[in-house]
Amino acid sequence: MFEEKDSARTPVSELGEFKLIDHLTKHFKIHHDTTVKGIGDDAAVLQPKDKQQWVVTTDLLVEGVHFDLSYMPLKHLGYKAVMVNLSDVYAMNAEAKQLTVSIAASNRFPVEALEELYAGILAAANGYKVDVVGGDTTSSTSGLVISITALGCAPAEKITYRSGAKENDLLVLTGDLGAAYLGLQVLEREKQVFQVNPKAQPDLEPYSYLIERQLKPEARKDVPKLLDSLKVQPTAMIDISDGLSSEILHLCKHSQTGCNLYEEKIPLDPQVMATCEEFELDSTTIALSGGEDYELLFTIDADDFPKIKGNPNLTVIGHMTAASEGSHLITRANTKIPLIARGWDGMSQEEN
Ligand code: ADP
Ligand code: MG
């Protein structure tokens with residue numbers, strides 16, 4: 001992950017707004033010829049390519065609501081804020097091209113803190129080849145607020161909505177589930193241990209994958225390209241930000257279908273299984289109701305199964321049914337349980 005950095009404290013007022021914007025944005029590069037003008041004028045100018053449609057998505061992240069800086073370093077926060085948006089673009093089966101980044105920060109945040117935030121944004125923009133083309137910078141009376149907008153494009157026939165799934169389509173998942181939620185549980189536990197005994201030296205190695213998935217998630221940029229190369233056009237797609245069950249129910253609702261999800265098919269990393277045992281949590285519940293995995297969930301025509309079969313990135317976890325059959329989890333013991341939307345928020349409310 002990223003290196004920690006100790007730094008001086010220069011108040012933002014010492015630089016002033018214009019110098020601050022220059023300072024924070026000077027390292028951004030332009031990667032795409034669809035960007036005619038990036039940062040520096042009243043507005044960015046973009047040049048759409050022939051026959052492409054644009055997708056646009058925004059997320060607003062508020063300190064104390066969406067992130068806690070006591071275990072989320074600012075550089076990771078910047079990186080993650082970009083990933084959350086890119087994931088939504090890839091979930092439309094589109095290619096991400098541009099970002100705007102707007103921040104409001106209280107005077108608790110010196111220039112060096114904003115530099116760290118922007119170092120994470122820069123790492124994400126370079127790693128995923130997206131152009132930061134604008135934003136806004138202002139002060140806040142309490143804490144930090146970040147809003148990122150991502151733009152992407154794709155030919156009209158490739159863009160994939162939540163609404164296209166049909167009865168008998170296969171339900172396919174990328175990657176594995178539950179790790180990001182468990183990573184947060186581990187970090188919260190360590191924070192409590194630290195408050196009692198600041199000298200404690202926790203061994204986080206057994207949880208390295210979980211913590212990485214929580215602090216440095218990666219959006220699935222590879223998936224639209226993979227599907228294109230396999231000549232598979234998904235019928236419906238969504239990204240997993242709130243837990244598998246909630247996202248499946250979104251697909252079913254928008255597509256007017258039901259579904260059968262098979263518990264034994266849900267992919268879990270060995271660290272997820274080991275940590276669930278340690279924390280006495282049920283791994284299926286964590287996969288269904290955890291969140292922030294940023295994997296993609298999509299449906300394909302059953303005739304396309306041979307094209308994805310055996311691909312290590314893709315797991316068939318169920319199939320769509322008629323809406324009248326409802327949405328169910330088929331357990332390992334072969335019982336049928338109705339799926340309910342119990343995402344990230346629902347869980348944290350229960351625990352409070
Ligand atoms: P305006 O007064 O027109 O809003 P600003 O001085 O706020 O202009 O912004 C100047 C330029 O810097 C614009 O291109 C704007 O999009 C960009 N910009 C401002 N703040 C940010 C930021 N936090 N991140 C990236 N670009 C920014
Ligand atoms: Mg402005």
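Counting starts at 1 for both ligands and their atoms, in listed order. It should be emphasised that the depicted structure is a prediction, and the values quoted were computed from it without experimental measurement.
At a 3.5 angstrom cut-off on N or O pairs, G135 counts as close to ligand 1. Of the polar atoms of S102, none of the N or O atoms is found under 3.5 Å from an N or O of ligand 1, judged by distance alone. Geometrically, ligand 1 and I21 share no nitrogen or oxygen pair separated by less than 3.5 Å. Ligand 1 has an N or O atom lying under 3.5 Å from an N or O atom of G40, backbone or side chain.
Ion pairing of K19 with D22 is absent here, as no side-chain N (NZ or NE/NH1/NH2) approaches a carboxylate O to less than 4.0 Å. A salt bridge links D228 to K158: one of the charged nitrogens lies within less than 4.0 Å of a carboxylate oxygen. Salt bridge status for K49 with D33: present, with a side-chain N to carboxylate O gap under 4.0 Å. At a threshold of 4.0 Å, the pair E218-K216 counts as salt-bridged, since one of the basic side-chain nitrogens sits closer than that to a carboxylate oxygen. By the 4.0 Å N-to-carboxylate-O rule, R108 lies close enough to E63 to be salt-bridged with it.
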> Hey, mind stepping through K221 and E95 against salt bridge (Lys or Arg N to Asp or Glu O under 4.0 Å) and telling me if it holds?
Replying inline: CA-CA 8 Å; K221 177 186 167 97; E95 206 181 315; 5.9 Å; no
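Within the 4.0 Å heavy-atom criterion, the part of Y118 lying near ligand 1 is the side chain and not the backbone.
The closest non-hydrogen atom to atom 20 (N) of ligand 1, taken over T137, L20, I39, comes from T137.
Near T25, with a cut-off below 4.0 Å to any heavy atom, the atoms of ligand 1 are 24 (N), 25 (C), 26 (N). Atoms of ligand 1 lying under 4.0 Å from any heavy atom of G134, numbered from 1 in the order shown and given with element: 16 (O), 25 (C), 26 (N), 27 (C). Under a 4.0 Å criterion applied to the non-hydrogen atoms of D41, ligand 1 contributes the atoms 13 (C), 14 (O). Close approach of ligand 1 to F18 is summarised as follows: ligand atoms under 4.0 Å from at least one heavy atom of the residue are 6 (O).
No hydrogens or angles considered: nothing links the side chains of T257 and E167 as a donor-acceptor pair under 3.5 Å.
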